[in-house]
S.K.: 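Following this message is one structure expressed as C-alpha cells.
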Amino acid sequence: MRPDSDPPQARAPIGIFDSGFGGLTVARAVMDQLPNEDVIYLGDTARAPYGEQSIADVREFTMECLDHLVDLGVKALVIACNSGSAATLRDARERYSVPVVEVILPAARRAVATTRNGRIGVICTEATATSMAYDDAFAVAPGVQLFTVACPKFVPYVEAGITGGPELLADAEAYLRPLKAAGIDTLVLGCTHYPLLTGVLGIVLGDDVALVSSAAACADSVYSVLTRAGLAHDEPREARHTFLTTGNPESFSRLGRRLLPDLITDVIQFSEPWKGDWRERAWS
Ligand code: DGL
C-alpha cells in the first residue's frame, strides 16, 4: 500500500479515471445515482487509446493516473476504463487505502445474475480481451461459458460520433456473428464506449439477448461501496464536477459534449501535476 494514505472522508470527491472521455458513460451513471457527490474525472486522453496498447503499458499509465487522483484527496477511486481495470484488477485494491471500484467484476456479477442459459458474450478492446480479465472474473461462476470478441472498430466509430448507419451495422453484424452462433443470451458491453452503441447492438442481437452495461453495473457498485463504508454524501447539495484531461481540453469538451450533452462543464488540462496546488484547483 502507498504510504500517503489519510483515511477517506465523506466530503471528499469521488475520483473517476478513464483513458479518455469514454468513461463519461460511467461518470454519468455515477452522477445519476449519487447526485450529491463531488466528482473529479481524469481522462488520460494524451495516451489514449489504451485498448490497442500492451497490458504492461496500460497498467503503468492507469496506476500513474490513480496515484494522481489519490494525491488530489479523493475518497474512492472508480476505474471506468475496462482496459485499465483489466490491467490493474489485482493491484489497485492493494495499493490504495481508499475503496477502489472497477468495471469488470460488477459487470461479471450482473451478467451471471442475468443469464438463463449460462452462455455469456463479452465485447471489448484488444487489451481487455488479451488480459483474460473477464475469463478470470467468470471463472468462479459455475456453469458459465464465456465467449469474448474484441471489437477494435467500435471505439473509433463512437469517437467519430457515429452510432448508426450501414457501415457500423455491417461491422457489428460481423463482430457479433460468432456470439450469435454460440447461442449467448447475455452480452457484456466491456468497454466505456459501448453503452453508446446499444441501438445497433440491439438490432443485431434482437430482444432475446440481454445487454449488460459495465458502466451501469459499476455505478451500482460505487453506490453500495460508498454506502457500506459510511462515505456517501447523502444530504442534498449542489455537487461540483471537475474534468481533467492530460490531452487537449477543447477536444475533450467537444467530443464529450457531442456524446453526452449536458454532462461536461469546464475541462482543465492536467499536465505537470507536481506543479501548482491541484487539490485547490480541482476541489476546495
Ligand atoms: N476506455 C477504454 C476501455 O474501456 C476504451 C478506449 C481506449 O481504448 O482507450 O477499454
Side-chain angles (χ1 to χ4, degrees), residues 15-30 41-66 69 77-89 92 100-108 111 121-137 148-163 171 175 187-198 201 211-219 221-222 243-248 251-252 255-256 258-260 263:
I16 303 184
F17 161 72
D18 181 47
S19 57
F21 66 88
L24 294 173
T25 55
V26 175
R28 181 174 58 184
V30 168
Y41 180 99
L42 173 56
D44 191 12
T45 336
R47 296 184 289 194
Y50 280 13
E52 298 164 10
Q53 304 189 53
S54 74
I55 286 293
D57 284 349
V58 173
R59 184 181 177 285
E60 184 190 323
F61 300 159
T62 301
M63 289 303 215
E64 217 173 279
C65 290
L66 296 178
L69 284 170
L77 286 168
V78 180
I79 312 176
C81 182
N82 271 262
S83 307
S85 295
T88 58
L89 204 51
V100 179
V101 180
E102 44 72 47
V103 274
I104 291 177
L105 293 174
V122 174
I123 52 172
C124 56
T125 64
E126 299 275 12
T128 301
T130 311
S131 74
M132 310 278 284
Y134 274 101
D135 300 66
D136 291 349
T148 304
V149 174
C151 305
K153 290 185 186 169
F154 280 171
V155 165
Y157 272 124
V158 173
E159 299 208 348
I162 299 169
T163 57
D171 283 330
Y175 281 141
L187 179 70
V188 176
L189 312 185
C191 173
T192 45
H193 292 53
Y194 299 174
L196 296 158
L197 296 177
T198 48
L201 298 171
L211 303 181
V212 171
S213 156
S214 55
C218 171
S221 189
V222 174
F243 298 92
L244 307 176
T245 174
T246 57
N248 180 303
S251 54
F252 184 100
L255 278 167
R258 194 163 70 200
L259 295 171
L260 299 162
L263 188 73

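Both counts, for ligands and for their atoms, begin at 1 and track the order of listing.
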S.K.: Return the residue, atom name and 0.1 Å-rounded distance of the protein heavy atom closest to atom 10 (O) of ligand 1.
M.R.: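 For atom 10 (O) of ligand 1, the nearest protein heavy atom comes out as S83 OG, 2.6 Å.
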S.K.: Heavy-atom distances under 4.0 Å are what count here, so tell me which part of N82 touches ligand 1: side chain, backbone, both or neither.
M.R.: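 Looking at N82 and ligand 1, atoms from backbone and side chain both fall under 4.0 Å.
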S.K.: Determine whether R47 and E60 satisfy the following criterion, salt bridge (Lys or Arg N to Asp or Glu O under 4.0 Å), listing intermediate values before the conclusion.
M.R.: CA-CA 11 Å; R47 296 184 289 194; E60 184 190 323; 5.5 Å; no
S.K.: Does ligand 1 have any atom sitting under 4.0 Å from a heavy atom of C191?
M.R.: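 Judged by the 4.0 Å heavy-atom criterion, C191 does count as contacting ligand 1.
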S.K.: Just which atoms of ligand 1 are under 4.0 Å from any heavy atom in S19?
M.R.: 1 (N), 2 (C), 6 (C), 7 (C), 9 (O)
S.K.: Under 4.0 Å from ligand 1, counting heavy atoms only, is it the side chain of H193, its backbone, both or neither?
M.R.: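 Contact part for H193 vs ligand 1: side chain (C-beta onward).
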S.K.: Parallel, tilted or perpendicular, judged at 30° and 60°: which one describes the rings of F243 and F252?
M.R.: tilted
S.K.: By the definition side chain to side chain donor-acceptor pair (under 3.5 Å), identify the one residue from D44, T125, N82 that meets it with Y50.
M.R.: D44
S.K.: Can you name the nearest heavy-atom pair linking A150 to A129, along with the distance?
M.R.: CB-CB, 4.2 Å
S.K.: Between CG of L196 and OH of Y157, what distance do you get to the nearest 0.5 Å?
M.R.: 15.5 Å
S.K.: Within a distance under 4.0 Å of any heavy atom of D18, pick out the atoms of ligand 1 and give their elements.
M.R.: 1 (N)
S.K.: I need the minimum non-hydrogen distance between T62 and G84, along with the two atoms involved.
M.R.: OG1-CA, 3.5 Å
S.K.: Show me which atoms of ligand 1 lie under 4.0 Å from any heavy atom of G51.
M.R.: 7 (C), 8 (O), 9 (O)
